There are 2 protein chains.
Amino acid sequence: MTKKPVTIKEIAKEAGVSIATVSMIFNNKDKSISQATREKVLEIAKEKDYIPNSMARSLVTRQSRTLGLVLPDIVNPFFPEIARGAEDKARQARYSIIICNTDDNLEQEDKYIDILTEKMVDGIIFAHSADRKDIARESRKYRMPIVLIDRDYAMPNVMGKVLIDNQKASCKGVNYLLEKGYKKIAYIAGSMNTQTAKDRLDGYKNALAQNKITYDNHYVKIGEYKSQWGMEATRQLLEENIPFDAIFCGNDLIAIGAMKALKEASLRVPEDVGIMGFDDIYVASMVEPELTTIKQPIYEMGYRAAEILIDGIENKEQPRNKSSEGRKIILDTELIVRKSS
Amino acid sequence: MTKKPVTIKEIAKEAGVSIATVSMIFNNKDKSISQATREKVLEIAKEKDYIPNSMARSLVTRQSRTLGLVLPDIVNPFFPEIARGAEDKARQARYSIIICNTDDNLEQEDKYIDILTEKMVDGIIFAHSADRKDIARESRKYRMPIVLIDRDYAMPNVMGKVLIDNQKASCKGVNYLLEKGYKKIAYIAGSMNTQTAKDRLDGYKNALAQNKITYDNHYVKIGEYKSQWGMEATRQLLEENIPFDAIFCGNDLIAIGAMKALKEASLRVPEDVGIMGFDDIYVASMVEPELTTIKQPIYEMGYRAAEILIDGIENKEQPRNKSSEGRKIILDTELIVRKSS
DNA sequence: ATGAAAGCGCTAACAA
DNA sequence: TTGTTAGCGCTTTCAT
């Protein structure tokens with residue numbers, strides 16, 4: 001477009017020095033370059049609006065200062081935060097990020113791996129959706145280090161993992177309700193076909209066990225992650241006369257639905273019924289600012305993943321070839337206690 | 001990482017041909033190459049797991065097949081859809097996308113422009129936040145074509161624009177309510193400091209005018225884009241005994257809040273009160289599946305922007321230097337009429 | 001303190 | 001139909 005970009009060569013000529021000198025100055029390898037030359041070069045570069053060509057640089061350094069971010073779908077509200085976290089860390093370290101939406105399609109994923117390889121990204125952050133199949137792909141393709149996010153996954157070249165302890169999180173949430181004095185806690189879950197969901201249910205059971213409360217599956221409703229289901233399940237609990245005094249919800253949509261149903265039944269939150277949700281998609285905070293929720297450190301996952309990756313890249317760490325290895329970080333969730341609680 | 005990638009040279013040697021031949025084959029400029037050689041080369045390439053180095057390629061072709069997507073914040077729910085649309089189109093055309101969150105910070109934006117220039121992106125999709133200042137930045141920096149999204153903006157090198165007609169949209173929404181038989185339509189707006197918000201209010205006024213209804217500012221409440229405000233404003237309308245029979249809401253959060261307040265007052269939707277919201281952040285569909293909303297073609301904006309950009313790049317179109325030029329697309333909104341209406 | 005020169009892996013004339 | 005060669009813009013020894 002427009003005018004041809006100026007190159008290092010022109011700067012060199014203009015300044016009456018060699019291109020090597022200019023290059024060194026721009027790479028801060030200028031310990032041995034006289035202040036005078038440096039200043040002159042810098043000035044000319046600025047005046048000519050010189051911007052180095054990172055392609056040429058990458059070609060020789062074999063580093064693109066670019067990371068791939070592979071995720072199922074940026075529109076799924078779980079992922080923008082990850083992307084943002086990763087991008088923030090990347091920016092600090094002067095890396096860029098290429099996003100790749102795979103729609104959980106293995107073929108597309110493979111294609112992206114190839115593209116990212118072509119583009120010589122220095123590493124990949126892999127954010128699989130929770131319900132992705134567990135098979136690792138053919139290994140030789142992965143030429144660059146990978147950091148896994150949110151989900152453990154058998155895969156070669158893994159340099160690290162950043163996960164959330166969902167079990168602990170829901171255990172913590174239920175314990176919070178118990179501490180608040182609620183005794184009979186129902187659980188409205190979303191679908192049960194993800195490990196995440198299973199972990200959350202386990203956490204609920206653990207919390208009950210810890211408090212010597214017998215698990216009773218009449219208190220547990222399994223459906224889908226929709227506010228509609230939250231309403232419905234709550235109505236069911238009410239109709240079935242389950243004597244619950246609190247509801248723990250699989251996510252925030254469910255919690256919102258549950259709150260509606262409670263209001264319909266003229267039950268007050270939190271006076272009559274305690275309620276808590278997993279803030280999966282950040283809807284709760286927008287719609288029910290008073291709902292206490294379990295906030296997942298999603299942003300942090302992205303951030304930490306980029307951190308591990310960049311760290312590994314810059315220290316030339318070798319990624320492990322067994323999925324069980326590499327750096328592993330388990331992040332904790334946080335309880336967001338809102339006004340009404 | 002791991003083993004050194006194989007190059008075109010090795011493939012050539014192995015196949016006993018020149019690198020030019022291999023290159024041509026991989027670039028589909030192989031009209032003149034014998035089937036035998038082609039097959040042999042392809043086979044060897046596959047066997048050796050050859051992946052071309054796009055850096056080297058870009059260096060000579062001066063095309064990176066990469067686009068920059070500059071937006072305020074991917075976490076703002078407006079933008080993931082744009083990103084997705086852009087990415088979908090880009091992928092089809094074999095382009096990748098680098099995301100850049102600017103946080104509405106001009107300095108960061110400039111930095112990103114430089115980075116994108118370094119990385120030789122072929123073009124940039126610019127999605128400014130609605131309340132961004134209107135000054136264009138210093139022009140010479142922009143070396144590559146730009147497509148603007150959602151907001152008209154004075155800027156050099158603009159190849160096109162993709163906008164939404166907010167005025168028309170809200171006019172349409174209000175008209176829909178009028179057609180449904182509602183006569184006295186209140187308007188709960190968010191903040192008024194964006195052009196978008198002003199356009200929506202204008203659309204409301206237009207619709208009234210078209211239907212010979214006198215505009216009465218008692219029917220209009222201006223606040224912020226939060227469900228809390230939706231509740232509050234609705235309560236105000238009720239307390240002030242404004243005889244409204246429908247509410248048009250500045251966005252979906254406001255609409256959700258309004259619905260809550262109506263329920264509190266035992267008013268049924270849509271029997272007693274019609275209600276409509278702008279589906280700005282796609283919360284309505286998750287939380288109030290029955291609310292009728294105005295859906296903005298956000299995904300499409302991203303898609304079309306990428307389309308214009310790629311088209312321009314591939315046809316070597318010159319971007320215009322006055323902001324008033326370039327291709328301009330005004331997208332229409334869609335009414336999502338849900339069950340209860 | 002600086003320059004010359006050899007590539008990085010590839011494409012694109014131009015030759016053969 | 002295929003090979004030779006000259007770069008693309010930069011980094012990086014190795015000289016000077």
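By convention in this document, chain letters (A, B, ...) are assigned in the order of the sequence lines, proteins followed by strands, and residues within each chain are numbered from 1. Source: prediction; values computed, not measured.
- Contacts between residues 17-25 of chain A and DNA chain C, defined by a heavy-atom separation under 4.0 Å, are made by Val17(A), Ser18(A), Ala20(A), Thr21(A).
- Pairs engaging residues 84-111 of chain B under the ring-ring contact (aromatic ring centres under 6.0 Å, His included) rule: none recorded [sequence neighbours left out].
- Once rounded to the nearest 0.5 Å, the distance linking CD1 of Ile124(B) with OH of Tyr142(B) reads 7.5 Å.
- Between the side chains of Tyr303(A) and Arg84(A), no donor N or O sits under 3.5 Å from an acceptor N or O.
- For DNA chain C, the span of nucleotides reached by chain B at under 4.0 Å from its heavy atoms goes, 5' to 3', from dG9(C) to dA12(C).
- Rounded to an integer number of Å, the gap from Lys9(B) NZ to dT5(D) C1' is 13 Å.
- For residues 30-59 of chain B, the ring-ring contact (aromatic ring centres under 6.0 Å, His included) pairs, not counting sequence neighbours, are Phe26(B)-Tyr50(B).
- Two residues are said to be in side-chain contact when any heavy atoms from C-beta on lie closer than 4.5 Å; Val41(A) and Val17(A) meet this criterion.
- Between Ile99(B) and Ala83(A) the shortest heavy-atom distance is CD1-CB, 4.4 Å.
- A donor-acceptor contact shorter than 3.5 Å links the side chain of Asn105(A) to the backbone of Gln108(A).
- In this structure the side chain of Arg304(B) never reaches within 4.5 angstrom of the side chain of Tyr299(B), judged on heavy atoms.
- Glu118(B) is not listed as a side-chain neighbour of Asn53(A), based on a closest heavy-atom distance of 4.5 Å or more.
- Under a 3.5 Å cut-off, the side chain of Asp122(B) and the backbone N or O of Arg65(B) do form a donor-acceptor pair.
- Neither side chain, Ser64(A) nor Lys119(A), offers a donor N or O lying under 3.5 Å from an acceptor on the other.
- For the helix from dA1(C)-dT16(D) to dA16(C)-dT1(D), the angle separating the two terminal helix axes comes to 40°, with each axis derived from five pairs and the value rounded to 10°.
- Between the CZ atom of Arg65(A) and the P atom of dC10(D) there is a distance of 17 Å, given to the nearest Å.
- Atom P of nucleotide dT12(D) and atom CZ of Phe26(A) are separated by 15 Å, given to the nearest angstrom.
- Contacts of residues 53-63 of chain A with DNA chain C (heavy atom under 4.0 Å): Leu59(A), Val60(A), Arg62(A).
- Counting any heavy atom pair closer than 4.0 Å across all strands shown, Ser32(B) reaches a base atom.
- Using a distance-only test at 3.5 Å, with no hydrogens or angles considered, no donor-acceptor pair links the side chain of Asn101(B) to the main chain of Asp103(B).
- A close approach under 4.0 Å does occur between a side-chain nitrogen or oxygen of Lys29(A) and OP1 or OP2 of dT12(D).
- A salt bridge is absent between Glu107(A) and Lys111(A); no separation between the charged side-chain nitrogens and carboxylate oxygens falls under 4.0 Å.
- Following rounding to the nearest Å, Ile11(B) (CD1) and dT2(D) (P) show an atom-to-atom distance of 17 Å.
- Atom C1' of nucleotide dG9(D) and atom CD of Glu10(A) are separated by 11 Å, given to the nearest angstrom.
- Spacing between atom CG of Asn28(A) and atom P of dT11(D) amounts to 11 Å, rounded to whole angstrom units.
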